[in-house]
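Following: one structure in structure tokens, then a few remarks.
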There are 2 protein chains.
Amino acid sequence: MSVCADCQAADSSPALRNARVTIRDVARLAGVSLGTASNVLNNPTVVAAPTRLRVLDAIARTGFVRSTAAHQLRVGRSLTVGVLLLDLANPFFAEMVKGAEAVLRDKGYVLMVCSSDESPDQERRYLRALEEHRVDGLLTTPVERDLKDLAALAARGIPTVLLDRDAGGLGLCSVTVDDVRGGELAASHLIALGHTVVAFVNGPLSIRQCADRRQGARQAFRHASLRPERAMVEITVPALSVEQGEKVVERLLASIPRPTAVMCANDLLALGVLRGLTAAGIAVPGEVALVGYDDVAFAAMLSPALSSVRQPKYELGASAAMLFLEEVSGEEHEHRSVRFEPELVVRASSGGDKTTAISLPT
Amino acid sequence: MSVCADCQAADSSPALRNARVTIRDVARLAGVSLGTASNVLNNPTVVAAPTRLRVLDAIARTGFVRSTAAHQLRVGRSLTVGVLLLDLANPFFAEMVKGAEAVLRDKGYVLMVCSSDESPDQERRYLRALEEHRVDGLLTTPVERDLKDLAALAARGIPTVLLDRDAGGLGLCSVTVDDVRGGELAASHLIALGHTVVAFVNGPLSIRQCADRRQGARQAFRHASLRPERAMVEITVPALSVEQGEKVVERLLASIPRPTAVMCANDLLALGVLRGLTAAGIAVPGEVALVGYDDVAFAAMLSPALSSVRQPKYELGASAAMLFLEEVSGEEHEHRSVRFEPELVVRASSGGDKTTAISLPT
DNA sequence: GTGAAAGCGCTAACAA
DNA sequence: TTGTTAGCGCTTTCAC
């Protein structure tokens with residue numbers, strides 16, 4: 001009812017179609033020029049109080065809502081920030097987005113969130129779409145190792161911050177967690193517990209995080225005077241998902257010598273592996289020790305509680321957003337790389353929660 | 001390097017600032033008029049093959065990327081869809097967004113994702129921002145029970161689909177899961193297991209889902225000839241989060257008579273409660289049975305595995321997106337309400353996984 | 001088959 | 001202090 005009144009009011013002057021009320025309508029109703037109405041919005045101090053009130057009143061009465069598109073066309077800012085990540089359904093990324101959102105919403109930005117689902121094609125399409133939308137900035141975890149698309153984008157004037165990914169010499173800001181160190185933490189932990197055959201369920205090495213964690217793990221083996229080629233059973237899966245983790249268990253159990261410990265590239269995989277092992281009647285950590293990566297919210301509550309490598313998810317997103325803000329703030333900006341340290345959280349699944357803290361190689 | 005070549009090419013005509021290459025630049029380079037260049041994009045068949053190729057070539061050489069904003073100003077479509085939900089970090093919503101994204105991305109839409117964090121204020125601000133951006137549609141789980149803001153938005157020409165929320169007579173599409181039924185399923189299950197004092201850890205009743213689940217639970221008690229006022233210990237928390245769940249345990253244990261079972265308004269709360277109970281040394285389901293709601297990915301793997309009420313999250317999002325598409329497809333559209341049925345998933349935490357299936361009142 | 005021109009809604013520079 | 005005007009980049013008639 002009151003709704004109808006509203007829309008009739010808005011529609012009164014234009015044709016039958018529910019045409020949008022423009023600033024021109026506002027001006028007309030307030031009996032001022034278009035420019036003055038605009039000034040009320042963008043430069044309120046410059047217009048006399050009585051006029052301003054008339055305009056404000058007209059805005060309220062017409063239900064005027066300024067068009068960002070038109071604004072953008074003049075001013076050059078879209079008030080949007082693109083967020084392009086691997087998988088929104090992964091709590092790790094979701095949490096990160098929330099961090100970014102929290103710092104950006106107060107500055108008037110809205111996020112365009114896109115999941116590439118680890119498909120380079122999808123990523124390319126979204127990158128294109130975001131550029132068409134002229135996002136004021138981009139926070140992204142690229143699928144592809146090759147960052148030239150992103151560098152080009154940045155060169156074309158879209159400030160880009162890499163999320164959980166190194167800039168690799170290109171002039172980009174980035175926020176990362178030391179994944180080599182994280183991989184090392186996980187592997188060292190298992191090694192210190194006496195495991196000499198450790199499976200590493202990893203995603204595609206084209207994903208930097210996966211490659212880095214692997215490198216860290218190898219490092220750990222070498223530090224322990226173990227040959228990674230023998231001690232580390234590498235199993236690569238196409239996606240970092242629960243399903244893939246569950247599916248991989250078969251291969252895991254078939255491999256000879258059979259691993260007594262498993263580390264996974266993320267907690268979703270670990271969850272899948274855990275589910276698979278449980279289904280197969282394998283005791284965790286009794287027969288197989290398990291370590292995940294990310295320490296997502298549920299890791300602590302799994303059965304058994306999942307040992308994992310914690311990453312400061314929310315802070316990662318927030319820092320990325322702040323780097324973006326810094327870059328667009330106007331003052332000259334040096335591309336920076338913010339690096340967070342991961343942290344091993346030992347719980348039951350690795351069987352290491354009862355042992356004393358072990359000193360790890362640095 | 002090739003990057004630099006590109007941007008120099010683009011920058012050659014305009015000033016020193018990295019000005020965007022426009023369709024006018026493309027036209028100039030191709031030696032055609034602006035209109036023809038535009039036709040190549042929007043009406044390719046109408047332009048002669050050789051000309052078209054020249055233009056296409058110019059587009060490639062300049063790295064032209066069309067501006068959605070300008071496009072929108074003419075055509076009236078922003079190619080964006082707003083998604084405004086309670087909390088992106090809640091896997092339930094994240095999964096739903098992915099469902100929506102999957103159907104919308106192929107149609108060229110990008111999602112503007114916003115978390116209201118259950119704050120009416122935040123919600124209002126985002127609603128405003130999304131309207132300024134002229135989203136072509138809105139998929140939303142409102143915080144407020146009062147939908148008049150949304151109805152007004154829809155009346156102003158933004159097709160709105162309610163996510164997991166009834167339209168309540170207003171002319172809006174909606175996708176819902178029968179929450180009354182879900183609450184009934186959870187409560188009936190616990191009642192059937194012999195519990196006569198059941199705590200219901202619920203969120204604010206201003207959230208429809210919370211109110212509905214409560215109603216369903218009360219219904220279940222009455223069906224079992226129990227008085228809800230006595231058998232059901234209601235505890236309301238301000239947010240549906242793990243933290244709140246954990247915090248609530250104290251009150252839970254202090255209440256007299258002490259509940260032997262707990263049902264929660266979502267799995268995050270249940271996870272918190274489980275964590276709290278475990279910390280307090282209370283056996284689940286031995287001393288207290290527990291049922292969650294949503295059946296998020298990790299529910300099955302908790303310790304003990306969490307009984308929960310499953311909702312088709314992904315499908316919910318996908319259907320909402322499809323309703324939106326239907327609405328904008330042009331053919332006259334009747335607002336529809338798609339309703340999904342929830343499903344009780346019995347696992348260890350309720351202590352009901354060993355009993356035979358129980359017939360529940362319908 | 002192609003070009004010229006109007007205009008989407010807004011801001012900002014300039015005039016009055 | 002207010003009004004006028006020229007675009008921002010694009011699509012889309014309408015002539016040619």
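Chain identifiers are assigned alphabetically (A, B, ...) following the order of the sequence lines, protein sequences preceding nucleic acid strands; residue numbering begins at 1 within each chain.
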Review point. Any donor-acceptor pair under 3.5 Å joining the side chain of Arg74(B) to the base of dG7(C)?
Key: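 Counting by modelled atom types and ignoring angles, a donor-acceptor contact under 3.5 Å is found here.
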[X] side chain near [N] phosphate (N/O to OP1/OP2, under 4.0 Å):
| X | N | answer |
| --- | --- | --- |
| Arg52(B) | dG1(C) | no |
| Thr36(B) | dG3(C) | yes |
| Ser33(A) | dG3(D) | yes |

Review point. Going by an N to O cut-off under 4.0 Å, is there a salt bridge joining Arg54(B) and Asp57(B)?
Key: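 Salt bridge: no.
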**Study point:** Ion pair Asp136(A)/Lys107(A), N-O distance below 4.0 Å
**Key:**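 No.
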Just how far, in rounded Å, is [atom2] of [N] from [atom1] of [X]?
| X | N | atom1 | atom2 | value |
| --- | --- | --- | --- | --- |
| Asn43(B) | dC10(D) | CG | P | 17 Å |
| Asn42(B) | dG9(D) | CG | P | 17 Å |
| Leu73(B) | dA6(C) | CG | P | 17 Å |
| Arg24(B) | dC10(D) | CZ | C1' | 10 Å |
| Arg134(A) | dC8(D) | CZ | C1' | 11 Å |
| Ile23(A) | dG3(D) | CD1 | P | 13 Å |
| Arg28(A) | dC10(C) | CZ | P | 12 Å |
| Asn39(B) | dA4(C) | CG | P | 14 Å |

When you measure from the side chain of [X], which nucleotide among [options] comes out closest?
| X | options | answer |
| --- | --- | --- |
| His71(B) | dC10(C), dT2(D), dT11(D) | dT11(D) |
| Val47(A) | dC10(D), dC10(C), dT2(D) | dT2(D) |
| Leu41(B) | dC10(C), dT1(D), dT11(D) | dT11(D) |
| Thr51(A) | dT2(D), dT11(C), dG1(C) | dT2(D) |

Review point. With nearest nucleotides of DNA chain C determined for Ala70(B) and Val75(A) from heavy-atom distances, which residue corresponds to the more 5′ nucleotide?
Key: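 Comparing both residues, the 5'-ward one is Ala70(B).
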Practice item. Could you tell me whether Ser38(A) contacts a base, only the sugar-phosphate backbone, or nothing, with contacts defined as non-hydrogen atoms closer than 4.0 Å? Key: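 Result for Ser38(A) = base.
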**Study point:** Test item: Val110(B) and Leu79(B) side chains (from C-beta on) under 4.5 Å apart, heavy atoms
**Key:**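 No, too far: nothing below the 4.5 Å cut-off.
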Check your understanding: Does the side chain of Arg134(A) come within less than 4.5 Å of Val65(B)'s, by heavy atoms?
Key ->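 Contact flag for Val65(B)/Arg134(A) side chains = yes.
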Review point. Would a distance-only check, ignoring hydrogens and angles, find a side-chain to backbone donor-acceptor pair under 3.5 Å from Glu101(B) to Ser115(A)?
Key: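 A pair under 3.5 Å: yes.
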